[in-house]
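Have a look at the structure below, then the notes.
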Amino acid sequence: MNAMMNNLSDILQTAGDLFSKKEFQAACDFLEENVESVAPSNVNSQDVIRYYLLLGEACWHTGRLHAAKKAFDCGLQREDEDVSPALKAEIRNDSALVDRNLGYYESAEKKYMQSKRLYEKANMDRSPHYLHLMNNLALLLKDMGRISDAEELFANALKILTEETNFPDVFQMRIENNYASLLFEKGDEENAKTYYFRSMKARIRKYGVHSPPYAESLNNLAVLYGETDTKTAIRLLEKSYGICRRLFDETHLNTAKTKKNLAVAKAKAGDYACAKQMLSEAIAVIGSRSGTDSPLYWRSLKELAIVEWKTGLQDEAKRLFEKIITFFEKNDGIYSKDHFGCLYDYSRYLFQTGENERALLMLKQAAKMENDYFEQMIKGLPEDSAIKLVRKMAANTGYLISALLRYTETADLSAFYPVLYFRKGLVFEVTYLHRLEAKMSSDPEVKRKCEHYFQARKEVARRLFTGLSENEKADDFRKR
């Protein structure tokens, strides 16, 4: 037994040395070669958990997500009462991160909450490990549409960083970068840019411009710019993609993610041939590295469907859209944002190909799902955040109204009234308190903000009830 324990201790030491030198593939190979060292049931359980933690993290860093999940699951199965709460919390935290990236949101949330309780029980609620947990859990809740819960976690994490001075600066960079993604999700693009740039500058100072953190910052910033400035987005993504290719290779998941984002930007710029090739290559890697249950895989496939449609391959586009929607229907409620986004895109395709009745069914389903999603997101948010979300909702509202007006002869407009009146109510509910506050206040700043919200409300309301303002059937629609 002692010989085996000593042997495992040596293995952990060697693997740890490889980690410190960032030789993750070498660490992964070395640990997998020595898997027999943890086979006996009488090996120290603490060391067994450390072994699987190292193996899982090595697989994660090399982009092998399913191998990482397998390693963490093996570690969780070998737990006993001798394993410390801190180590139990750590393996759950890492395992949940992999589950989230594979699309297993419910499993990830369960493990994060278990990890949180274990850290708190061990009085580690102001430790680097706990801060790492808060960041990861906030990202998961953001992906699940629980924006107010995610924002609370980010705020608490940033508060701890201001109160404690002994944390490595990498925590500030990472949390600010991820908080920026939440601000973007809320529609607060200006503050999102502020946090993205602040995190990026800190990463450049620490890691330089030829590093994975800098490539990640470029990637995230490009997604934000992709909404309004395609040329800037392409420039940022080409730079990020070049860094990934130098640091990794074409079969690494980080490279594939960046290539996928670059392909989407290229498609927006009209370069469909290049976009199609890049998407096909990226999807092959994403499928093999993260599996076909990963939401990233299906998001990428949807972008390929759009490119096929735009290049005239209608049958292939339809096949892909149907395949994607079937996946989301089987996972109802887990990837709601991706689901209704795909329904909106598929309805556009169906309108263009003349399948109007089916397109309207898809459109109604998408609008109802989007209503539910935004209602959940808005719960608990301050009014200024809520109005930004409502404005973000206006883009698809304009499309919805325009489609109804265009296909009025075949559309059952009354079936859409609940969807539209929900959106009308949302606009007025969000702005009501602001109007009251402005009437009662003599503060010019409050009045200025209220005017801003009022203008936002007018713009959303215009889209809600008129579609395109120059549409000649708008008055007829309002009467109905």
Side-chain angles (χ1 to χ4, degrees), residues 24-25 27-28 32 52-53 55-76 91-112 135-137 139-144 178 181 212-213 215-216 219-220 222-223 237 240-241 243-245 247-264 277-305 320 323-328 330-331 334-339 341-342:
F24 300 118
Q25 187 59 59
C28 194
E32 287 178 335
Y52 282 117
L53 259 173
L55 178 57
E57 289 173 0
C59 292
W60 164 265
H61 282 292
T62 55
R64 298 169 56 212
L65 300 193
H66 282 284
K69 178 174 175 57
K70 181 179 178 181
F72 290 135
D73 286 347
C74 286
L76 290 168
I91 193 169
R92 280 169 173 75
N93 189 14
D94 286 357
S95 180
L97 177 62
V98 172
D99 281 358
R100 170 185 163 252
N101 278 270
L102 289 173
Y104 307 140
Y105 288 177
E106 293 173 341
S107 169
E109 184 181 9
K110 180 180 178 181
K111 289 174 182 175
Y112 277 137
N135 174 70
N136 292 344
L137 178 55
L139 282 174
L140 172 68
L141 295 177
K142 176 185 76 72
D143 289 348
M144 296 172 74
N178 293 332
S181 70
E216 180 190 26
N219 209 331
N220 292 340
V223 173
L237 286 165
S240 179
Y241 181 50
I243 294 170
C244 287
R245 292 179 71 184
L247 294 173
F248 311 116
D249 58 34
E250 290 287 352
T251 63
H252 195 282
L253 188 58
N254 287 359
T255 310
K257 286 179 181 178
T258 307
K259 181 186 280 189
K260 173 256 179 186
N261 289 338
L262 178 55
V264 172
Q277 181 178 346
M278 295 185 80
L279 276 170
S280 299
E281 292 169 357
I283 288 168
V285 175
I286 291 167
S288 65
R289 292 291 187 174
S290 64
T292 56
D293 286 329
S294 163
L296 176 63
Y297 175 80
W298 294 97
R299 288 177 200 135
S300 305
L301 212 60
K302 188 200 79 168
E303 298 299 338
L304 181 60
L320 288 172
K323 183 178 179 181
I324 298 160
I325 287 169
T326 299
F327 170 80
F328 286 134
K330 287 180 180 176
N331 294 273
I334 300 178
Y335 315 115
S336 55
K337 184 181 177 185
D338 293 309
H339 191 173
C342 186

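Keep in mind that this is a model prediction, so the values were computed, not measured.
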So which atom in [X] and which in [Y] form the shortest heavy-atom distance, rounded to 0.1 Å?
X: N101; Y: K257; answer: OD1-NZ, 3.9 Å
X: N178; Y: L139; answer: ND2-CD1, 3.5 Å
X: L279; Y: S300; answer: CD2-O, 4.1 Å
X: D143; Y: Y105; answer: CB-OH, 3.9 Å
X: C244; Y: A215; answer: SG-CB, 4.1 Å
X: R64; Y: C28; answer: NH1-SG, 3.0 Å

Nearest-0.5 Å distance that lies between atom [atom1] in [X] and atom [atom2] in [Y]:
X: L102; Y: L65; atom1: CG; atom2: CG; value: 5.0 Å
X: T255; Y: R289; atom1: OG1; atom2: CZ; value: 9.5 Å
X: Y297; Y: I286; atom1: OH; atom2: CD1; value: 9.5 Å

Heavy-atom distance under 4.5 Å between the side chains of [X] and [Y], does that happen here?
X: E250; Y: V285; value: no
X: S181; Y: N220; value: no
X: L97; Y: R100; value: yes

Got a salt bridge between E303 and K260, using NZ or NE/NH1/NH2 to carboxylate O under 4.0 Å? no
K111 vs L76, test: side chain to side chain contact (heavy atoms under 4.5 Å, CB included). Steps then yes/no. CA-CA 11 Å; K111 289 174 182 175; L76 290 168; 4.2 Å; yes
Kindly write out the residues that satisfy ring-ring contact (aromatic ring centres under 6.0 Å, His included) with F327, not counting sequence neighbours, or none if the list is empty. W298, Y335
Is the backbone N or O of V264 less than 3.5 Å from a side-chain atom of N261, with the two atoms forming a donor-acceptor pair by type?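 Between the backbone of V264 and the side chain of N261 there is no qualifying donor-acceptor contact (under 3.5 Å).
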Quiz: residues 66-74 side-chain donor-acceptor pairs under 3.5 angstrom, not counting sequence neighbours:
{"unit_1": "H66", "atom_1": "NE2", "unit_2": "S290", "atom_2": "O", "d": "3.2"}
{"unit_1": "K69", "atom_1": "NZ", "unit_2": "D99", "atom_2": "OD1", "d": "3.0"}

Which residues pass the salt bridge (Lys or Arg N to Asp or Glu O under 4.0 Å) test with K302, sequence neighbours left out?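 In terms of salt bridge (Lys or Arg N to Asp or Glu O under 4.0 Å), with neighbours along the sequence ignored, K302 is linked to D345.
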